[in-house]
Amino acid sequence: MRNQEITLTAGDAEAVLAPANGGRVSGLRVGGVELLRQGERFGCFPMVPWCGRIRDGRFLDGTTVRQMPLNAPPHAIHGTTRNGAWSVARTSPDEAVLTYDLVDPWPYPGRVTQVVALTADSLTLTMSVEAHESSFPAQIGWHPWFNRNLGGEDVRIDFDPAWQEERGDDHLPTGNRLDPKPGPWDDCFGMPDGVDVRLTWPGQLELTVASREQWVVVYDEQAEAVCVEPQTGPPNGLNTHPRLVTPIDPLEATTTWTWRRP
């Protein structure tokens, strides 16, 4: 089942998964309207075992410096799984479970599990990272590319973050927190009560991206799409906000997208 696409259906919603292409949700149609930008790089891909950029591709594990490939020079970006082939553990008409065994260049053995569950008015993505032997720092996040326009007016993004991470010239947080500024954005925001971002395509659809996690990157500098990326820590978080995964304590996160028509 490894190379096939999987189509989940519920009501008039349809989600297409591409396990062999990074375990991503390659399409999400509601009432026949595609919400995600199409193309092998787009859809919505998991970011794991880190999110966004790692400065110079390096992070510390205790006193050991680990070097990741610089796939966005001078940094490493978006984890090691988005171009890999995930395995299909099980499927049903409205749910699928995908797994990915962490391999080189990630230096620690472990497994990522992603559960994708569709209802008539929501899509829920749940991901966990398990350590097989030694403990390691990790992050979890998702990178959806929502179409800016569904055939009417452009989408509007509404959210109320507590702060915005100051972005340096290298696109990484400086460590300073600012009052949120108007877009366009390629920025990380803090939402201590959980991620809650509303996308409105006027007269067509309203979709809310929610998560118990406290961090979200919003990117709307492209003409074709906007990104709302809930994650367990900010960019460069393996260095600044590491979350330790141990053999008895996996890291787990969930995001739910809920939609309604006006």
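No hydrogens, no waters, no symmetry mates; every other heavy atom, side chains included, goes into these values. Along the sequence shown, the residues carry numbers beginning at 1.
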Check this for me: Arg41, atom CZ, are more than 12 non-hydrogen atoms of other residues, nucleotides or ligands nearer than 6.0 Å? no

Quick one: side chains of residues 223-231, donor-acceptor pairs under 3.5 Å with protein atoms, not counting sequence neighbours, listed by atom name and distance.
unit_1: Glu229; atom_1: OE2; unit_2: His143; atom_2: NE2; d: 3.4
unit_1: Gln231; atom_1: NE2; unit_2: Gly233; atom_2: O; d: 2.9

Does the pair Arg156 and Asp158 meet the rule for a salt bridge (Lys or Arg N to Asp or Glu O under 4.0 Å), with working shown? CA-CA 7 Å; Arg156 186 177 71 241; Asp158 296 297; 3.1 Å; yes

Sidechain-backbone polar pair: Gln38 side chain, Leu36 backbone, donor-acceptor under 3.5 Å: yes

My understanding is that only residues two or more places apart in sequence, or in another chain, count here; which of them pass ring-ring contact (aromatic ring centres under 6.0 Å, His included) with Trp257? Phe146

Take Asn147 and Glu34 through the side-chain contact (heavy atoms from CB on, under 4.5 Å) test and state the conclusion after the steps. CA-CA 8 Å; Asn147 283 320; Glu34 179 59 64; 4.2 Å; yes

Please walk me through it: do Ser92 and Asp94 pass side-chain hydrogen bond (donor to acceptor under 3.5 Å, both in side chains)? CA-CA 5 Å; Ser92 69; Asp94 58 4; 3.3 Å; yes

Decide whether Met47 and Val209 are clustered together by the hydrophobic rule: side chain heavy atoms of Ile, Leu, Val, Met, Phe, Trp, Tyr closer than 4.5 Å, transitively. no

Quick check: closest heavy atoms across Leu70 and Ala76, and the distance to 0.1 Å? CD2-N, 4.2 Å

Determine, using the 4.5 Å side-chain heavy-atom cutoff (strictly less than), whether Leu17 and Val97 are members of one ILVMFWY cluster. no

Could you tell me if Arg37 sits above the aromatic ring of Phe42, with its cationic atom closer than 6.0 Å to the ring centre and no more than 45 degrees from the axis? yes

Test item: Leu102 and Pro49 side chains (from C-beta on) under 4.5 Å apart, heavy atoms: yes

Check the pair Ser211, Thr255 against side-chain hydrogen bond (donor to acceptor under 3.5 Å, both in side chains), reporting the backbone distance first and the verdict last. CA-CA 5 Å; Ser211 175; Thr255 183; 5.1 Å; no

Please tell me whether Trp145 and Phe45 form a close aromatic pair, meaning their ring centres lie under 6.0 Å apart. no

Determine whether Leu178 and Trp163 satisfy the following criterion, side-chain contact (heavy atoms from CB on, under 4.5 Å), listing intermediate values before the conclusion. CA-CA 6 Å; Leu178 310 174; Trp163 72 84; over 6 Å; no

Least distance between heavy atoms, Gln222 atom then Arg148 atom: O-NH2, 2.6 Å

What one should report as the nearest heavy-atom pair of Pro173 and Arg55 is O-NH2, 4.0 Å

Arg260 bridged to Asp121 by N-O distance under 4.0 Å: no

Apply the test ring-ring contact (aromatic ring centres under 6.0 Å, His included) to residues Phe159 and Trp185: give CA-CA distance (whole Å), side-chain angles for both, the deciding distance (0.1 Å), then the verdict. CA-CA 13 Å; Phe159 65 125; Trp185 301 290; 5.4 Å; yes

Compare every heavy atom of Ile77 with every heavy atom of Ala72, then report the nearest pair and how far apart it is. CB-CG2, 3.6 Å

Roughly how far, to the nearest 0.5 Å, is the CG atom of Asn236 from the CG atom of Asn239? 4.5 Å

Atom CD in Glu165, atom CZ in Phe189: separation rounded to 0.5 Å? 10.0 Å

Closest contact, heavy atoms only, Pro262 versus Gln204: CD-O, 3.3 Å

Short question: side chain of Asp56, backbone of Arg58 - any donor-acceptor pair under 3.5 Å? no

In this structure, would Val33 and Leu205 fall into the same cluster of hydrophobic residues linked by side-chain contacts under 4.5 Å? yes

How far apart are the C-alpha atoms of Leu28 and Val16, what are their side-chain angles, what is the distance that settles it, and do they pass the side-chain contact (heavy atoms from CB on, under 4.5 Å) test? CA-CA 6 Å; Leu28 176 63; Val16 180; over 6 Å; no

Check the orientation of Phe59 and Tyr108. Use parallel for under 30°, tilted for 30 to 60°, and perpendicular for over 60°. tilted

Ring centroid separation for Trp215 and His241, is it under 6.0 angstrom? yes

Chi angles and distances behind the side-chain hydrogen bond (donor to acceptor under 3.5 Å, both in side chains) call for Ser122, Thr256: CA-CA 7 Å; Ser122 70; Thr256 298; over 6 Å; no

Hey, mind stepping through Arg212 and Glu252 against salt bridge (Lys or Arg N to Asp or Glu O under 4.0 Å) and telling me if it holds? CA-CA 11 Å; Arg212 291 191 301 270; Glu252 182 174 292; 5.2 Å; no

Can Gln114 and Thr126 be said to form a side-chain contact (heavy atoms from CB on, under 4.5 Å), step by step? CA-CA 6 Å; Gln114 180 176 219; Thr126 300; over 6 Å; no

Donor-acceptor pair, side chain of His75 and main chain of Asp170, under 3.5 angstrom: yes

Spacing of CD belonging to Glu40 relative to CG belonging to Asn83, to within rounding of 0.5 Å: 8.5 Å

Can a donor-acceptor pair be found, under 3.5 Å and without considering hydrogens, that links the side chain of Arg66 to the backbone of Leu60? no

Could you please spell out the steps behind the salt bridge (Lys or Arg N to Asp or Glu O under 4.0 Å) verdict for Glu166 and Arg177? CA-CA 6 Å; Glu166 182 181 54; Arg177 292 179 174 179; over 6 Å; no

For residues Trp142 and Pro46, report the shortest heavy-atom separation together with the two atoms involved. CD1-CA, 4.2 Å

What verdict does the salt bridge (Lys or Arg N to Asp or Glu O under 4.0 Å) test give for Asp12 and Arg261, after you've listed the backbone C-alpha separation in whole Å, the side-chain angles of each residue and the deciding distance to 0.1 Å? CA-CA 12 Å; Asp12 69 351; Arg261 294 184 178 86; 2.6 Å; yes

